Visitor: 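Handing you a structure now.
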Amino acid sequence: MSVIVELATKFPLATIACSIFLAYLLYTLLSSGPKQAEKVTKKVLKEYTYDEVSKHNKKSDLWLVIDGKVYDFTSMIDLHPGGDAILRDAGADATQGFHGPHHPGRAHEMLEDYIIGSVVGPAPLVPRS
């Protein structure tokens with residue numbers, strides 16, 4: 001501690017500059033809140049083709065496309081309030097089904113927890129039944 005005091009007395013302007021910088025840094029971190037922390041911890045998202053997504057079409061390996069984003073819902077199947085209804089579009093585009101009246105706002109908020117990437121390339125010509 002005495003080294004800091006000695007440096008502060010020899011270099012008062014540097015001490016003031018460091019204090020201002022630290023105060024600014026602390027303010028920036030505190031004012032950015034959870035959103036900034038979220039950006040730092042955000043996972044890297046990959047791009048997948050519809051063909052790649054289609055291979056993840058069972059209860060033990062379930063991916064869905066919603067609004068052009070790819071989600072891995074494997075860990076969520078047993079928690080899904082609609083039961084196995086989530087399997088209807090397994091490995092395919094589930095956008096229409098997801099945006100139906102049966103999904104509350106919380107379902108939309110939860111998407112971020114399961115996103116793994118986005119879909120690229122053309123959609124299949126024949127919709128899945």
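Residue numbers start at 1 and run along the sequence shown. Model, not experiment: these values are computed from the prediction.
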Visitor: Side-chain contact, heavy-atom cut-off 4.5 Å: I86 with M76?
Guide: yes
Visitor: Only counting residues at least two apart or in another chain, list the ones meeting ring pair (Phe, Tyr, Trp, His ring centres under 6.0 Å) with Y71.
Guide: F73
Visitor: Going from OG on S118 to CD on E47, what distance comes out if it is rounded to the nearest 0.5 angstrom?
Guide: 4.5 Å
Visitor: Could you tell me if the side chain of L45 sits less than 4.5 Å from the side chain of I116, heavy atoms only?
Guide: no
Visitor: For A107, enumerate each residue passing the side-chain contact (heavy atoms from CB on, under 4.5 Å) test, keeping only those at least two apart in sequence or located in another chain.
Guide: F98, H103, P104
Visitor: Show every side-chain hydrogen bond (donor to acceptor under 3.5 Å, both in side chains) that has at least one partner inside residues 73-84, sequence neighbours left out.
Guide: D72-T74
Visitor: With a sphere of 6.0 Å drawn around NZ of K46, does it hold more than 12 non-hydrogen atoms of other residues, nucleotides or ligands?
Guide: no
Visitor: How would you list, by chain and number, every residue that makes a side-chain hydrogen bond (donor to acceptor under 3.5 Å, both in side chains) with D67, sequence neighbours excluded?
Guide: H99
Visitor: Does the side chain of L62 reach to within under 4.5 Å of the side chain of N57, using non-hydrogen atoms?
Guide: no
Visitor: Please name all residues satisfying side-chain contact (heavy atoms from CB on, under 4.5 Å) with V53, sequence neighbours left out, ordered by chain then number.
Guide: Y48, W63, V65, V70
Visitor: Considering all heavy atoms of both residues, which atom of A94 and which atom of D89 are nearest to each other, and what is their separation?
Guide: CB-CB, 3.6 Å
Visitor: Remaining members of V120's ILVMFWY cluster at a side-chain heavy-atom cut-off under 4.5 Å?
Guide: none
Visitor: Could I get the full list of side-chain hydrogen bond (donor to acceptor under 3.5 Å, both in side chains) partners for H108, not counting sequence neighbours?
Guide: none
Visitor: State, to 0.1 Å, how close E52 and T49 come at their nearest heavy-atom pair, and which atoms those are.
Guide: OE1-N, 2.8 Å
Visitor: Are the side chains of L111 and I66 in touch, meaning some heavy atoms are under 4.5 Å apart?
Guide: yes
Visitor: With sequence neighbours excluded, what pairs up with T95 under the side-chain hydrogen bond (donor to acceptor under 3.5 Å, both in side chains) test?
Guide: D93
